[in-house]
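Data first, discussion second: the structure below is written as structure tokens.
Below, read A as the first sequence line, B as the second, and so on, with proteins coming before strands; counting in each chain starts at 1.
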There are 2 protein chains.
Amino acid sequence: MSTMSRDELSRVGLQLLNTHGLADVSMRRVAKELDVAVSALYWHVKDKQSLLGAVVDRLLASVDFGPPSGAWRTDLTARAEQLYETLLTTRDAAELAASALALGTGGEAMRRALAEVSPNDTTTDAVMALLIGHATLHQQRLQAQAIGVDVSGTTSATFRQVLDLLTKRV
Amino acid sequence: MSTMSRDELSRVGLQLLNTHGLADVSMRRVAKELDVAVSALYWHVKDKQSLLGAVVDRLLASVDFGPPSGAWRTDLTARAEQLYETLLTTRDAAELAASALALGTGGEAMRRALAEVSPNDTTTDAVMALLIGHATLHQQRLQAQAIGVDVSGTTSATFRQVLDLLTKRV
DNA sequence: ACCTGAACACCGTTCAAGT
DNA sequence: ACCTGAACACCGTTCAAGT
């Protein structure tokens, strides 16, 4: 009677991600939140990676890109920055997305959104890599600053600078 | 009498990484390999992340860069490709390095090696991001191909192409 | 079709106690 | 200084059994 579904699982998963971080998005935690047995989850979802993939997809679905303007450089930059912001804004989202992408269990919407306004595949790949890589590295700054630690010698360029370098405008 | 040391731990860790993958580099597994109690490890190492950081550092120490030639584009490309190869050659190395870099627990040698031959910080940051991002995404291809699954719509550009795009040669 | 309960084989970390 | 043993609080996954 709990109307449990794959969609419901990813909702709870995303909520746990936001409030407690990736470490707390466990099968047991999600089950507890839904007040069901852990084993019940496996009826709706293949395994944990598949659940995490659904969480990434739900997160990406919340990003609203709007229609392309026609100027690819503008569109690509705008979309990349929107995605970058989402990855940094949501707790542990960069790590989550990276792993989903690496395992092929989610996050395809990201690549699709970029490919739609990209002039060619190589550029799409480059922006994807930059996005994932820079977001991953940015974590260190946040982490370090939070503890009040020396931050010199770590990633300092903004995503925008790096993106401009790639699209040849600097 | 077992000559256990921080260095020894990272040696065993790297060996486990190569032979069994990241999932098997656990405190308990390393302890078993050394034939000591798990708790003994905590005398030599703060926690698991610190052990993994030491493993990354050991891996990077095995890369031999050679002195700079003077032409930054050549040097930067060469070093980036060497690092890229290392990340792809060693099992789960991309994921491991990404997490160590993100948490600030290891991998600084990577950034140092690139900065040494890079014209400016923004370029260093860009190459770092590309390196981590592209290596992460590349995993999907390997994973997918291993299971004989459709690989279209995934990262297809080589690291070299993407790197050339960044250093403006295409 | 959908869910429970119990079990299996693991985790990281702490800490008193030993030598 | 360095290590053991035991405990604590967790994991993901499977599977017979229930409704």
Can you name the side-chain hydrogen bond (donor to acceptor under 3.5 Å, both in side chains) partners of B:Glu85, sequence neighbours left out? B:Thr89

Under the side-chain hydrogen bond (donor to acceptor under 3.5 Å, both in side chains) test, which residues partner A:Asp7, sequence neighbours left out? A:Arg58

In whole angstrom, give the distance that lies between atom CD of A:Glu8 and atom P of C:dC2. 15 Å

What pairs of donor and acceptor atoms, side-chain ones from residues 93-104 of chain B against any protein atom, are under 3.5 angstrom apart with sequence neighbours left out?
none

A:Tyr42: which residues meet the ring pair (Phe, Tyr, Trp, His ring centres under 6.0 Å) condition with it, sequence neighbours left out? none

Of residues 15-28 of chain A, the positions that come close to DNA chain D - non-hydrogen atoms, cut-off under 4.0 Å: A:Ser26, A:Met27, A:Arg28

Structure string for DNA chain C in dot-bracket form, Watson-Crick and G-U at under 3.5 Å, | interchain: ||.|||||...|||||.||

Just how far, in rounded Å, is C1' of D:dG12 from CG of A:Leu41? 11 Å

Return all side-chain donor-acceptor pairs below 3.5 angstrom for residues 60-71 of chain A, not counting sequence neighbours, or 'none' if the list is empty.
from, atom 1, to, atom 2, distance (Å)
A:Ser62, OG, A:Leu59, O, 2.6
A:Ser69, OG, A:Ala71, N, 3.3
A:Ser69, OG, A:Asp75, OD1, 3.0
A:Ser69, OG, A:Asp75, OD2, 3.4

Distance from A:Leu165 atom CG to B:Leu166 atom CG, nearest 0.5 Å? 5.0 Å

Separation of atom NZ in B:Lys32 from atom P in D:dT4, rounded to whole Å: 15 Å

Expressed as a whole number of Å, how far does the P atom of D:dC10 sit from that of C:dA9? 22 Å

Quick note, salt bridge (Lys or Arg N to Asp or Glu O under 4.0 Å) partners involving residues 13-37 of chain B, not counting sequence neighbours, are B:Asp24-B:Arg29, B:Arg29-B:Glu33

Provide, to the nearest angstrom, the distance between the OH atom belonging to B:Tyr42 and the C1' atom belonging to C:dC15. 13 Å

Look at the aromatic rings of A:Tyr84 and A:His138 and report parallel, tilted or perpendicular, splitting at 30° and 60°. perpendicular

Can you pull out the residues from residues 43-52 of chain A that lie within a 4.0 Å heavy-atom distance of DNA chain D? A:Asp47, A:Lys48

Salt bridge (Lys or Arg N to Asp or Glu O under 4.0 Å) contacts touching residues 43-52 of chain B (sequence neighbours left out): none

Testing D:dT14, D:dG5, C:dG5 for proximity to the side chain of B:Ala37, the answer is D:dG5

Pick the closest DNA chain D nucleotide for A:Ala40 and for A:Arg29 by heavy atoms, then say which residue is nearer the 5' end. A:Arg29

Test side-chain hydrogen bond (donor to acceptor under 3.5 Å, both in side chains) applied to A:Gln82 - qualifying residues, sequence neighbours left out: none

Check side-chain hydrogen bond (donor to acceptor under 3.5 Å, both in side chains) between A:Glu116 and all other residues, then give those that pass, not counting sequence neighbours. A:Arg79

